[in-house]
Every structure is written in C-alpha cells, then in structure tokens.
S.K.: 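Attaching a single structure in structure tokens format; questions to follow.
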Amino acid sequence: MSRTERRLLKILDELERLRAERRMALGELDMLRHIDDDAQRDAAVGTALDRDDARVTAQDVDRFEREVEHLDAKIAVLEEKRREIAAKLG
C-alpha cells in the first residue's frame with residue numbers, strides 16, 4: 001500500500017469519527033433545544049431562578065450549535081483533502 005493510500009485511509013477513518021461525533025452532538029443539541037424551550041417558557045412566567053435556568057440552557061444550546069459548526073468545518077476540510085487524494089489515485 002502506497003503512502004498516498006495510507007493517507008487516504010487515515011482521512012476516511014477521521015471522517016467516520018467526526019461524523020459519529022457530529023451525530024451525537026446533534027442528538028444532544030436537539031435535546032437541549034427542547035429543554036431550553038421549556039426553560040424559556042418557565043422564565044416568562046416564573047421567578048428569577050427560572051430566568052437563570054433559562055439563561056444557562058440558552059448558553060448550552062449556543063455551545064452545542066458552535067460545536068456542530070466546528071465539526072462541519074473540520075469535515076469539509078477533510079472531504080476536500082479526500083477528493084484531492086482520490087484524484088491523485090484515480
């Protein structure tokens with residue numbers, strides 16, 4: 001196996017790992033969005049503690065949205081590298 005082929009396999013493995021991580025982050029984000037929705041409603045009619053909880057849940061949603069964006073960017077870079085290497089092999 002050539003060095004280029006090994007490099008391609010390494011990239012494919014990393015893409016698989018990142019996609020799995022992205023799927024998990026999306027699942028967590030979906031759950032957090034539901035929790036945040038409830039917290040925002042509670043904060044609208046509740047106490048200062050409810051508003052604090054809503055602020056924290058909103059921050060969690062923002063954090064996971066940024067994480068998914070970060071993973072998307074890493075995947076895009078690796079996809080481009082994969083295409084370049086595949087073109088060399090093809």
Side-chain angles (χ1 to χ4, degrees):
M1 182 181 308
S2 73
R3 180 175 183 259
T4 304
E5 290 169 326
R6 284 192 302 274
R7 187 170 172 221
L8 180 60
L9 288 175
K10 183 179 176 184
I11 288 172
L12 291 173
D13 287 344
E14 182 66 6
L15 279 168
E16 184 178 333
R17 186 191 69 74
L18 288 171
R19 287 183 179 127
E21 188 175 335
R22 183 181 186 277
R23 281 190 303 274
M24 289 183 353
L26 284 172
E28 185 80 11
L29 178 58
D30 188 47
M31 180 190 67
L32 287 170
R33 283 180 175 150
H34 288 291
I35 292 169
D36 183 52
D37 186 49
D38 291 342
Q40 297 306 319
R41 268 183 285 181
D42 291 346
V45 296
T47 66
L49 183 58
D50 292 325
R51 288 187 290 280
D52 288 341
D53 287 344
R55 191 172 22 262
V56 170
T57 61
Q59 290 170 347
D60 289 342
V61 168
D62 289 343
R63 184 170 41 89
F64 269 83
E65 286 174 341
R66 285 190 309 272
E67 178 63 21
V68 169
E69 289 171 3
H70 178 71
L71 290 167
D72 286 343
K74 289 171 87 173
I75 289 169
V77 168
L78 285 177
E79 280 291 346
E80 182 59 32
K81 287 181 183 180
R82 182 195 59 78
R83 281 190 288 276
E84 290 171 4
I85 292 171
K88 288 179 186 177
L89 290 175

S.K.: Are any non-hydrogen side-chain atoms of Glu67 and Glu21 less than 4.5 angstrom apart?
M.R.: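 Yes; the side chains approach each other to less than 4.5 Å.
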S.K.: Going through the checks in order, is the side-chain contact (heavy atoms from CB on, under 4.5 Å) test met by Asp53 and Asp42?
M.R.: CA-CA 9 Å; Asp53 287 344; Asp42 291 346; over 6 Å; no
S.K.: Which Ile, Leu, Val, Met, Phe, Trp or Tyr residues join Val61 in one cluster when any pair of side-chain heavy atoms under 4.5 Å counts as a link?
M.R.: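 Joined to Val61, directly or through intermediates: Leu26, Leu29, Leu32, Phe64, Val68.
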S.K.: Surrounding CZ of Arg17 (heavy atoms of other residues, nucleotides or ligands, distance under 6.0 Å), is the total greater than 12?
M.R.: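 Enclosed: over 12 neighbouring heavy atoms sit under 6.0 Å from CZ of Arg17.
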S.K.: Give a yes or no on whether the backbone of Thr47 and the side-chain of Asp50 come within a donor-acceptor separation of less than 3.5 Å.
M.R.: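 The answer is yes, because a donor-acceptor pair under 3.5 Å joins these two groups.
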S.K.: side-chain contact (heavy atoms from CB on, under 4.5 Å) between Asp52 and Arg55: does it pass, once the steps are laid out?
M.R.: CA-CA 5 Å; Asp52 288 341; Arg55 191 172 22 262; 2.2 Å; yes
S.K.: May I ask you to decide whether Glu69 forms a salt bridge with Arg66, counting only side-chain N to carboxylate O separations under 4.0 Å?
M.R.: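 The answer is no: the pair does not qualify as a salt bridge.
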S.K.: Side-chain heavy atoms under 4.5 angstrom apart, residues restricted to Ile, Leu, Val, Met, Phe, Trp, Tyr: same cluster for Ile35 and Val45?
M.R.: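 Shared cluster, no.
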S.K.: Testing the basics here: between Ala54 and Ala39, what is the closest heavy-atom pair and its distance to 0.1 Å?
M.R.: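 For Ala54 versus Ala39, the nearest heavy atoms are CB-O, 3.6 Å.
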S.K.: Could you check if a side-chain atom of Val77 sits within less than 4.5 angstrom of a side-chain atom of Lys74, using non-hydrogen atoms only?
M.R.: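 No, side chains not in contact.
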S.K.: Does atom CD (Glu16) have a neighbourhood of more than 12 heavy atoms from anything else shown, all under 6.0 Å?
M.R.: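 Count not over threshold, so no.
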S.K.: Strictly distance-based, threshold 3.5 Å: is any side-chain N or O of Gln40 a donor or acceptor partner for the main-chain N or O of Asp37?
M.R.: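 No, Gln40 side chain to Asp37 backbone: no donor-acceptor pair under 3.5 Å.
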S.K.: Report the distance from atom CZ of Arg7 to atom CG of Leu12, rounding to the nearest 0.5 Å.
M.R.: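 Atom-to-atom, Arg7:CZ and Leu12:CG are 12.0 Å apart.
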S.K.: Applying the 4.5 Å side-chain criterion to the ILVMFWY set and letting contacts propagate, would Met24 and Leu18 be lumped into a single cluster?
M.R.: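 Different hydrophobic clusters.
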S.K.: Can we say Asp36 and Arg33 salt-bridge, meaning some charged N sits less than 4.0 Å from an Asp/Glu carboxylate O?
M.R.: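 Looking at Arg33 together with Asp36, the answer is no, because their closest N to O distance does not fall below 4.0 Å.
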S.K.: Salt bridge check: are Asp38 and Arg41 linked by an N-O gap of less than 4.0 Å?
M.R.: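 A salt bridge links Asp38 with Arg41.
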S.K.: Supply the atom-to-atom distance Glu14 CD to Arg82 CZ, rounded to the nearest 0.5 angstrom.
M.R.: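 Interatomic distance, Glu14 CD to Arg82 CZ, rounded to 0.5 Å: 14.5 Å.
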S.K.: How long is the straight-line distance from CD of Glu5 back to CG of Leu89, given to the nearest 0.5 Å?
M.R.: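 The CD atom of Glu5 is 5.5 Å from CG of Leu89, to the nearest 0.5 Å.
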S.K.: Which atom pair, heavy atoms only, marks the closest approach of Leu78 to Ile11?
M.R.: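 Smallest heavy-atom distance, with atoms named: O-CG2, 3.7 Å.
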S.K.: Can you tell if the side chain of Asp60 reaches within under 4.5 Å of the side chain of Val56, non-hydrogen atoms only?
M.R.: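 Side-chain contact under 4.5 Å: yes.
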S.K.: Is a salt bridge present between Glu84 and Lys81, judged by a nitrogen-to-oxygen distance below 4.0 Å?
M.R.: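 Answer for the salt bridge query: no.
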